[in-house]
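Below is one structure, written out as structure tokens; the observations come after it.
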There are 2 protein chains.
Amino acid sequence: MTMCQRCNYPRLFRSKGVTPTPNRLMLMELVGDSPAPLSPQKIYETLNRTHRLNRVTVYRILDLLVEKNLLERLSSGDRSFRYGLAPNANHRPHPHFFCRRCGAMECLASDSLDLDTRALERRYPGAIEKVEVRVDGICGNCVGAKGKMG
Amino acid sequence: MTMCQRCNYPRLFRSKGVTPTPNRLMLMELVGDSPAPLSPQKIYETLNRTHRLNRVTVYRILDLLVEKNLLERLSSGDRSFRYGLAPNANHRPHPHFFCRRCGAMECLASDSLDLDTRALERRYPGAIEKVEVRVDGICGNCVGAKGKMG
DNA sequence: ACTTCCATGCAAATAAGTTGCATACTGTCC
DNA sequence: GGACAGTATGCAACTTATTTGCATGGAAGT
């Protein structure tokens, strides 16, 4: 749902003035292929399994890609941020669900919530850059695990 | 806008099984009177100016009051949470604005965004407990300060 | 090769929040 | 009115997420 079907990342990176290093491409592919936004920790662990790299490098790449608007940083219900593909032409902004039981975050369909921001955009005296919608609760898996399906 | 016009907090606390200690009441009044949600750090500094108390106590009271549904915990665009009055009969849920320049968070009118969650509630397989909407950008003050008004 | 720039690593620092344990307070029972 | 049980608070130490400073290493141009 979130995934970007095999964009040409090296080209995309260059178009934004980002040198397409192996680490950056790996990270971008990992996040791009993930059905849900990922924490830096998770990204670090996953990448590090196959290609040794430093935790700090992960943070630096994330900052860079967010700044270049290739990734977006989402706040979760816990203490760490999550990162997903930034919205673009092929990838609509969408809300996310955070499960307070298992800590997993998932993407919701972009039309699952109907949000009209026009009134606010007209009246708000500052500059609006993004609207983040997060739904909190217990996810389907966790509800099932605890609940009726013994 | 956020403020609860002088609720009877001791009574409210007891009704939820929360012992109304001086620290807890002070904290609740501070948050209740604030026009915007506050960080633990800010709460600590403010309370500590007049009545010595420990930072840990602040965290513990916040956890307790969130658990009892008297306060709500909001994620901001930065690394700390913010706390405000929990929505209730006199206090509608509302979105918040986070300014990435000055770090301030403000409450927006509860009708400033039109959000329809019914479709999601019908279809989502888990349990939805709350929906958090945060608008990010540059607030009115900061836009003005940097911009036209030299 | 020589320089320049930037990507990465490594160690240490910081910030926010949490835990363990000791002391002090609240309200209840004799 | 003191002993008791159960919290509430303080204090120090810890953990986790993230950031910074500084040094090395490698690619690209000259």
Side-chain angles (χ1 to χ4, degrees), chain A residues 9-10 13-14 16-28 30-31 37-68 70-83 98 100 103-105, chain B residues 9-11 13-14 16-28 30-31 37-68 70-83 98 100 103 105:
Chain A
Y9 289 136
F13 276 23
R14 292 200 196 281
K16 302 267 192 169
V18 174
T19 309
T21 70
N23 284 341
R24 291 173 179 175
L25 290 169
M26 283 196 321
L27 187 152
M28 187 73 183
L30 173 61
V31 174
L38 301 173
S39 66
Q41 175 64 22
K42 183 65 181 273
I43 293 171
Y44 168 66
E45 283 168 4
T46 306
L47 295 182
N48 203 42
R49 276 206 292 275
T50 52
H51 309 72
R52 168 158 298 108
L53 91 172
N54 196 276
R55 183 190 300 280
V56 177
T57 302
V58 170
Y59 282 110
R60 283 199 276 234
I61 295 177
L62 289 172
D63 286 348
L64 174 69
L65 298 185
V66 167
E67 186 204 319
K68 298 300 186 176
L70 292 166
L71 295 183
E72 77 172 339
R73 165 180 308 170
L74 301 166
S75 44
S76 65
D78 64 27
R79 212 129 49 71
S80 64
F81 290 110
R82 302 298 148 91
Y83 294 84
F98 174 76
R100 69 175 165 80
M105 208 153 176
Chain B
Y9 289 137
R11 176 195 268 288
F13 277 23
R14 293 204 194 277
K16 302 268 191 168
V18 175
T19 310
T21 71
N23 284 340
R24 291 173 179 175
L25 289 169
M26 284 197 320
L27 187 152
M28 187 72 183
L30 173 62
V31 174
L38 301 173
S39 66
Q41 175 63 23
K42 183 65 181 272
I43 292 171
Y44 168 65
E45 284 169 3
T46 305
L47 295 182
N48 203 43
R49 276 206 292 274
T50 52
H51 309 72
R52 168 157 297 108
L53 89 172
N54 196 274
R55 232 161 39 86
V56 177
T57 302
V58 171
Y59 283 112
R60 285 197 276 232
I61 295 177
L62 290 172
D63 287 349
L64 174 69
L65 298 185
V66 167
E67 186 203 320
K68 298 299 185 177
L70 292 166
L71 295 183
E72 77 172 337
R73 164 179 308 168
L74 301 165
S75 44
S76 65
D78 65 27
R79 212 126 50 69
S80 64
F81 290 110
R82 302 297 147 90
Y83 295 83
F98 173 76
R100 68 174 166 81
M105 208 152 176

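A note on names: the letters A, B, ... follow the listed sequences, proteins ahead of strands, and every chain is numbered from 1.
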- Message: With heavy-atom distances below 4.5 Å as the criterion, would you say the side chains of Met28(B) and Leu71(B) are in contact?
- Response: yes

- Message: Could you check whether any side-chain heavy atom of Asn48(A) comes within less than 4.5 Å of a side-chain heavy atom of Val58(A), counting everything from C-beta outward?
- Response: no

- Query: Can you check whether Phe81(A) reaches Ser76(A) side chain to side chain, under 4.5 Å on heavy atoms?
  - Reply: no

- Task: Provide the start and end nucleotides, 5' to 3', of the part of DNA chain D that has atoms under 4.0 Å from heavy atoms of chain A.
- Result: dT16(D) to dG21(D)

- Task: Taking only the side-chain heavy atoms of Asn23(A) (C-beta and beyond), determine which of dG9(C), dA15(C), dG17(C) contains the nearest atom.
- Result: dG9(C)

- Can you check side-chain contact (heavy atoms from CB on, under 4.5 Å) on Leu62(B) and Arg73(B), steps first, answer last? CA-CA 9 Å; Leu62(B) 290 172; Arg73(B) 164 179 308 168; 5.6 Å; no

- Task: Please figure out whether Thr21(A) or Phe81(B) has its closest DNA chain C nucleotide nearer the 5' end.
- Result: Thr21(A)

- Item | Mutual orientation of the aromatic rings belonging to Tyr9(A) and Phe13(A) [parallel < 30°, tilted 30-60°, perpendicular > 60°] | tilted

- Message: Need one value for Thr19(B): base, sugar-phosphate or nothing, where a base atom within 4.0 Å counts as base even if backbone is also close, heavy atoms only.
- Response: sugar-phosphate

- Task: Kindly point out which of dT18(C), dT8(C), dA11(C) is positioned nearest to the side chain of Ile61(A)?
- Result: dT8(C)

- Given dA15(C), dT19(C), dA7(C), which nucleotide is nearest the side-chain atoms of Arg24(A)? dA7(C)

- Query: When the nearest nucleotide of DNA chain D is assigned to Arg60(A) and to Arg55(A) on a heavy-atom basis, which residue is associated with the more 5' position?
  - Reply: Arg55(A)

- Query: Rounded to the nearest Å, what distance is computed from the CG atom of residue Leu38(B) to the P atom of nucleotide dG17(C)?
  - Reply: 13 Å

- Query: Any luck finding a side-chain donor-acceptor pair between Thr21(B) and Asn23(B) under 3.5 Å?
  - Reply: no

- Message: What is the distance, to the nearest angstrom, from the CZ atom on Arg79(B) to the P atom on dT18(C)?
- Response: 14 Å

- Here the residues of residues 42-54 of chain B within 4.0 Å heavy-atom distance, strictly under, of DNA chain C are none

- Smallest separation among heavy atoms of Tyr59(A) and Pro40(A), with atom names: CE2-CB, 3.6 Å

- Query: Within a strict 4.5 Å, meaning less than it, do heavy atoms of the Leu65(A) and Leu27(A) side chains meet?
  - Reply: yes

- Message: Between C1' on dG17(C) and CG on Leu62(B), what's the gap in Å once rounded to a whole number?
- Response: 11 Å

- Message: Looking only at the side chains, is there a donor atom on one of Arg55(A) and Gln41(A) sitting less than 3.5 Å from an acceptor on the other?
- Response: yes

